[in-house]
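Here is the structure we will look at, set down as structure tokens.
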Amino acid sequence: MTSLLDELSAIAGEAFAAEGYPTGLGTVQPSDRPDLAQFQCNGALPAAKIAKGNPRAIVDKIATRLKANPIFSQVEIAGPGFINLDVSDEALARRMGALATDECLGAPETGKGKTVLIDFGGANVAKPMHVGHLRSSVIGDSLQRLFRADGWHTISDVHLGDWGLQMGQLISEIGHRGIAPIYFDPGYTGPYPQESPVSMEDLEEIYPAASAACKADTARLQEARRATAELQVGRPGYRALWEHFFKVSRVGLEREWDSLGAHFDLWKGEASVEPLIAPMIEDLKARGLAVESEGAVIVPVAEPTDKKEMPPLILVKSDGAVLYGTTDLATVIDRVKSHDPDLILYVVDQRQHTHFEQVFRAARKAGYCGKAQLEHAGFGTMNGPDGKPFKTRAGGVMKLYDLIAMATEEAEKRLAEAGLAAEYPEEERKDIARKIGIAALKFADLSNHRTSDYVFDLARFTRFEGKTGPYLQYAAVRMQSILNKADSADFTRGERVVLHTPEERGLILQLLALPNAMAGAEQNRAPNILCDYVFTLAQIFSRFYTAHHILSEKDDALRTTRLALVGLTLSVLTKVLTLLGIEVPKRM
RNA sequence: GGCCCCGUAGCUCAAUGGAUAGAGCAACAGCCUUCUAAGCUGCUGGUUGCAGGUUCGAUUCCUGCCGGGGCCGCCA
């Protein structure tokens with residue numbers, strides 16, 4: 001089903017076309033002046049520019065045509081050439097009926113027949129997830145949900161960091177400690193033990209130690225580089241160790257993402273494309289796209305029109321090891337071959353923008369993209385109160401697990417303060433607190449523009465008042481509570497509604513705007529548009545709720561209409577929260 | 001040094017080139033014997049960093065400057 005806004009735009013577009021102007025000028029948008037009208041169309045102004053005519057004369061003609069359409073209850077000319085529009089109550093009620101019976105609640109079908117592959121999560125093997133992984137996980141998962149809801153075929157891939165220098169650092173550190181000598185014995189070729197010589201907890205301790213050792217001692221760094229290169233050319237003992245790292249890490253990572261509610265279709269990593277790398281480099285060399293330079297193999301990607309200097313993409317280092325740019329490029333080949341996507345979206349820190357620009361250019365030059373558009377959807381950092389990237393009090397990196405625990409604890413505090421859930425079973429209260437904590441983190445993260453940094457403030461994020469996740473959950477719970485009571489009283493929810501008041505009209509208009517919010521969020525890869533939409537919906541609902549008492553309403557027609565509005569609002573609210581990855585408890 | 005992003009109310013943040021730049025928090029004045037007082041109504045708060053330019057119209061596009069962050073060939 002097309003959205004109300006699209007229908008109005010089409011009507012206005014026809015009017016412009018009939019006067020000899022481009023259809024696109026008919027774009028109708030919600031009015032900037034709700035006191036004057038519900039909608040506005042500004043197309044007459046650019047039309048006047050095209051025709052070099054007087055906007056007023058054009059707008060008169062367009063308005064006359066629009067007035068002939070009974071969908072409008074008001075068509076007025078205002079200002080330099082704006083057209084203010086109101087839609088009739090009958091048309092709104094009809095639209096609402098259609099919305100209520102539509103399972104998708106009017107979701108746009110922008111992705112019909114198209115495939116998007118989303119690369120997010122950003123985690124590495126052997127490293128615990130920390131606060132830096134929150135944004136990629138939360139934004140990526142939300143985009144995945146949104147694209148799917150808009151009709152796209154979506155494929156998500158964690159694309160684990162499992163093939164670079166950090167692997168060599170781990171291996172050489174384990175060698176130094178003599179934990180598992182069998183993997184380092186050049187004379188031994190297997191089979192290697194089934195059981196991992198190191199646990200996730202071991203890795204969490206070993207990796208920082210290895211990293212520090214390499215930083216302090218260049219000999220150790222050389223050793224780690226050598227181990228990396230040997231792993232990549234397939235030394236059996238190292239490969240066997242690597243397998244253990246991957247398996248052990250995956251268990252821990254899955255647990256973390258489960259608690260965040262983020263899921264991946266594919267658990268591939270940099271190493272998955274290892275077999276593709278050598279042929280790819282051969283191919284690039286053969287075609288003269290890759291060249292040797294200072295002992296390394298590079299792909300120059302600078303273009304004459306560049307204003308900024310664009311360093312080449314380094315495929316093979318002078319020590320023979322490959323880099324993440326190499327695996328990223330090979331991954332494009334793999335993804336195009338396996339899924340033939342229309343779009344590959346990389347939800348990765350904004351600071352890696354240049355890196356992706358290099359990889360994308362190399363992929364295009366080599367013709368590896370198929371029909372896929374490659375796009376980096378970067379994001380800003382989560383900062384502490386000092387405006388610098390978030391740290392623990394001690395100045396270290398906070399683990400994601402600890403962050404979630406902190407949020408849950410804060411949520412429990414808030415519940416106690418508000419006197420909510422006090423008499424519920426312990427287990428249920430814990431579950432509610434967990435859902436609130438996650439909602440607080442996610443909504444705070446997603447409601448900021450993707451590309452901007454934001455300040456972490458847990459006390460603010462977990463409030464039940466204001467623009468927060470917990471507030472929206474509470475709003476949903478209370479709507480559900482009204483509906484439960486209505487069911488107990490055997491009240492029916494109307495199918496045909498009769499709109500009478502400004503509060504009812506305001507609510508229905510916002511409900512009907514859902515498809516546009518979804519389309520806008522998709523187009524800009526911007527979940528904050530959904531956050532704005534859903535918060536505004538809750539505000540408008542509050543106004544409606546305050547103005548009209550529902551369960552005590554004596555007039556059956558009024559009560560059924562209003563119950564229908566409550567039901568529909570709850571459906572839309574829940575749906576948008578789901579797109580944001582936020583769960584609503586049954587009660588609070 | 002070069003390049004990229006950002007600079008909006010006291011604070012945290014929004015705003016496809018369009019009317020009077022909006023929310024939340026904070027402050028102030030009202031509103032609960034009624035569906036969970038989650039809020040609602042009203043009020044206060046701005047030279048959109050500065051200076052130019054394009055445009056009928058600029059927070060938005062262009063140029064310069066100031067301030068903050070980031071990136072800049074063998075880490076990811």
Side-chain angles (χ1 to χ4, degrees), chain A residues 27 29 31-33 35-36 40 42 45-46 48-49 55 78-82 84 122 124 127 161 163-166 169 211 214 221 225 228 270 293-298 306-319 321-325 328 348-355 357-358 378 380-381 383 387-389 418-420 444 447-449 451-455 457 460 463-468 470-479 481-486 520 523-524 528-529 531-532 535-536 538-539 541-543 545-553 566 587-588:
Chain A
T27 301
Q29 53 180 306
S31 179
D32 290 334
R33 296 283 306 272
D35 53 317
L36 298 181
Q40 62 181 334
N42 300 341
L45 294 163
K49 196 177 262 181
F82 305 110
N84 286 334
N124 296 299
K127 289 196 239 180
W163 206 231
L165 181 65
Q166 77 268 29
Q169 289 176 322
S211 175
C214 290
L221 182 60
R225 285 184 172 150
T228 307
E270 298 169 329
S293 165
E294 297 169 35
V297 181
I298 65 166
D306 283 344
K307 275 204 298 189
K308 59 182 172 183
E309 61 180 291
M310 181 62 64
L313 182 70
I314 298 176
L315 293 177
V316 186
K317 294 197 290 177
S318 47
D319 68 4
V322 297
L323 295 149
Y324 79 132
D328 276 351
V348 181
D349 194 316
Q350 191 66 38
R351 285 173 293 193
Q352 294 194 33
H353 192 74
T354 307
H355 163 73
E357 184 66 31
Q358 292 174 314
T381 56
N383 293 339
K388 300 217 168 103
L420 291 171
S447 60
N448 287 293
H449 190 86
T451 55
S452 52
D453 301 339
Y454 72 97
V455 177
D457 181 348
R460 181 160 64 81
R463 297 175 71 129
F464 290 117
E465 305 87 21
K467 194 174 177 180
T468 70
Y471 159 74
L472 293 167
Q473 288 175 311
Y474 197 25
V477 164
R478 292 187 55 172
M479 287 175 208
S481 171
I482 294 172
L483 294 175
N484 291 345
K485 288 190 174 166
Q523 203 173 1
N524 297 296
N528 69 300
I529 291 177
C531 294
D532 274 341
F535 181 68
T536 303
Q539 279 183 311
F541 179 81
S542 276
R543 233 165 271 155
Y545 172 90
T546 305
H548 307 306
H549 206 275
I550 297 154
L551 295 175
S552 67
E553 176 56 57
V566 175
R587 57 177 188 170
M588 282 167 75

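For clarity, every value in this text was computed on a predicted model and none was experimentally measured. Residue numbering restarts at 1 for every chain, and letters A, B, ... go by the order of the sequence lines.
- Dashed line: the shortest gap from a side-chain N or O of K467(A) to OP1 or OP2 of A14(B) is not under 4.0 Å.
- For the pair R478(A) and Y474(A), the distance from NZ or CZ to the six-membered ring centre is under 6.0 Å and the angle to the ring normal is within 45 degrees.
- Distance check: N484(A) CG to M479(A) CE gives 13.5 Å after rounding to the nearest 0.5 Å.
- Heavy atoms of N528(A) sit under 4.0 angstrom from primed sugar atoms or phosphate atoms, though from no base atom.
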Self-check item: Paired and unpaired positions of RNA chain B as dot-bracket, Watson-Crick or G-U wobble under 3.5 Å, | denoting a partner strand
Solution: (((((((..((((....[...))))..((((.......))))......(((((..]....))))))))))))....

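- Closest non-hydrogen pair, G466(A) versus F535(A), comes out as O-CE1, 3.6 Å.
- Within the 4.0 angstrom heavy-atom criterion, only backbone atoms of the sugar-phosphate kind lie near F464(A); the bases stay farther away.
- In this structure, Q358(A) atom CD and A76(B) atom C1' are separated by 13 Å, rounded to whole Å.
- Between the side chains of H549(A) and S552(A), at least one donor N or O lies within less than 3.5 Å of an accepting N or O.
- Distances from the side chain of I298(A) to the nucleotides G73(B), G24(B), C71(B) place G73(B) closest.
- Distance I550(A) CD1 to U36(B) P: 10 Å, rounded to the nearest Å.
- A donor-acceptor contact shorter than 3.5 Å is absent between the side chain of T468(A) and the backbone of F464(A).
- Between C13(B) and G49(B), the two P atoms lie 15 Å apart (nearest whole Å).
- Within the nucleic acid shown, T354(A) comes within 4.0 Å of sugar-phosphate atoms alone, with no base atom in reach, counting heavy atoms only.
- Computed from coordinates, the I529(A) CD1 to A23(B) P distance equals 18 Å when rounded to whole Å.
- Side chain of Q358(A) to main chain of P311(A): a donor-acceptor pair is present (N/O by atom type, distance under 3.5 Å, no hydrogens or angles).
- Of the listed nucleotides (C35(B), G18(B), A26(B)), A26(B) has the atom at the smallest distance from the side chain of R463(A).
- At the heavy-atom level, G79(A) lies nowhere under 4.0 Å from the strands shown.
- E270(A) contributes no side-chain N or O that forms a donor-acceptor pair with the base of A76(B) under 3.5 Å.
- In this structure, of A15(B), A38(B), C25(B), it is A38(B) that holds the atom nearest to the side chain of Y474(A).
- Among the heavy atoms of the strands lying under 4.0 Å from V477(A) is at least one base atom, whether or not backbone atoms are also near.
- Within 4.0 Å of Q473(A), counting heavy atoms only, lies no atom of the nucleic acid at all.
- Distance check, rounded to the nearest 0.5 Å: CD1 of I550(A) to CD1 of I482(A) gives 4.5 Å.
- When all heavy atoms are compared, the tightest approach of V477(A) to R587(A) is CG1-CA, 3.8 Å.
- Both F82(A) and G161(A) lie close to RNA chain B; mapped to their nearest nucleotides by heavy-atom distance, the more 5′-ward contact belongs to F82(A).
- Two residues, N42(A) and T228(A), neighbour RNA chain B, and the one matched to the more 5' nucleotide by heavy-atom proximity is N42(A).
- One finds a side-chain N or O of H449(A) lying less than 4.0 angstrom from the OP1 or OP2 phosphate oxygen of A15(B).
- The base of G73(B) is paired with the side chain of S293(A) by a donor and an acceptor separated by under 3.5 Å.
- Whole-Å rounding puts the M479(A) CE to U36(B) C1' distance at 13 Å.
- Listed candidates were A23(B), A76(B), G70(B). Nearest to the side chain of Q539(A) is A23(B).
- Rounded to whole Å, atom C1' of C4(B) lies 8 Å from atom NE2 of H353(A).
- In this structure, R587(A) places its CZ atom 18 Å from C1' of A38(B), rounding to the nearest Å.
- Distance H549(A) NE2 to C32(B) P: 14 Å, rounded to the nearest Å.
- Distances from the side chain of I314(A) to the nucleotides A26(B), G73(B), C75(B) place G73(B) closest.
- More than 12 heavy-atom neighbours from other residues, nucleotides or ligands sit within 6.0 angstrom of CD on Q29(A).
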Give me the distances for all protein-to-nucleotides 10-12 of chain B N/O pairs that come in under 3.5 Å?
residue, atom, partner, partner atom, Å
U12(B), O2', R460(A), NH1, 3.4
U12(B), O2', R460(A), NH2, 2.6

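- In the set C40(B), A19(B), C13(B), C40(B) carries the atom at the smallest distance from any side-chain atom of R543(A).
- Heavy atoms only, all atoms of each residue included: T228(A) and A321(A) are closest at CG2-CB, 4.4 Å.
- A sub-4.0 Å separation between OP1 or OP2 of A37(B) and a side-chain N or O of S542(A) is absent.
- With A38(B), A19(B), C35(B) as the candidates, the nucleotide lying closest to the side chain of D32(A) is A19(B).
- Looking at heavy atoms from C-beta onward, V322(A) lies in side-chain contact with W163(A) at the 4.5 angstrom threshold.
- The shortest side-chain heavy-atom distance between T381(A) and Q350(A) does not fall under the 4.5 Å cut-off.
- Side-chain to base pairing of Q523(A) with U16(B): no donor and acceptor N or O lie closer than 3.5 Å to each other.
- You'll find that the side chain of L36(A) is closest to A19(B), out of C40(B), A38(B), A19(B).
- For the pair I482(A) CD1 and G39(B) C1', the interatomic distance rounds to 13 Å; values are reported in whole Å.
- Listed here is the closest heavy atom pair of E294(A) and S318(A): O-CB, 4.1 Å.
- Counting distance only, with no hydrogens placed and no angle test, the side-chain atoms of D35(A) and the base atoms of A19(B) include no donor-acceptor pair under 3.5 Å.
- Minimum atom distance to the side chain of F535(A) is reached by G24(B), of the listed G24(B), U41(B), C35(B).
- When heavy atoms are screened at a 4.0 angstrom cut-off, N383(A) is found touching no nucleic acid atom at all.
- Taking side-chain N and O atoms only, S481(A) has a distance below 4.0 Å to OP1 or OP2 of U36(B).
- Residue P55(A) is classed as having no contact, given no heavy-atom separation below 4.0 Å to the nucleic acid.
- Annotated as syn: C32(B), whose O4'-C1'-N torsion sits within 90° of 0.
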Tabulate protein N/O versus nucleotide N/O from nucleotides 57-59 of chain B, keeping only pairs under 3.5 Å, one per line.
residue, atom, partner, partner atom, Å
G57(B), O6, K49(A), NZ, 3.1

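- Among A19(B), C75(B), A37(B), the nucleotide with an atom closest to any side-chain atom of Y545(A) is A37(B).
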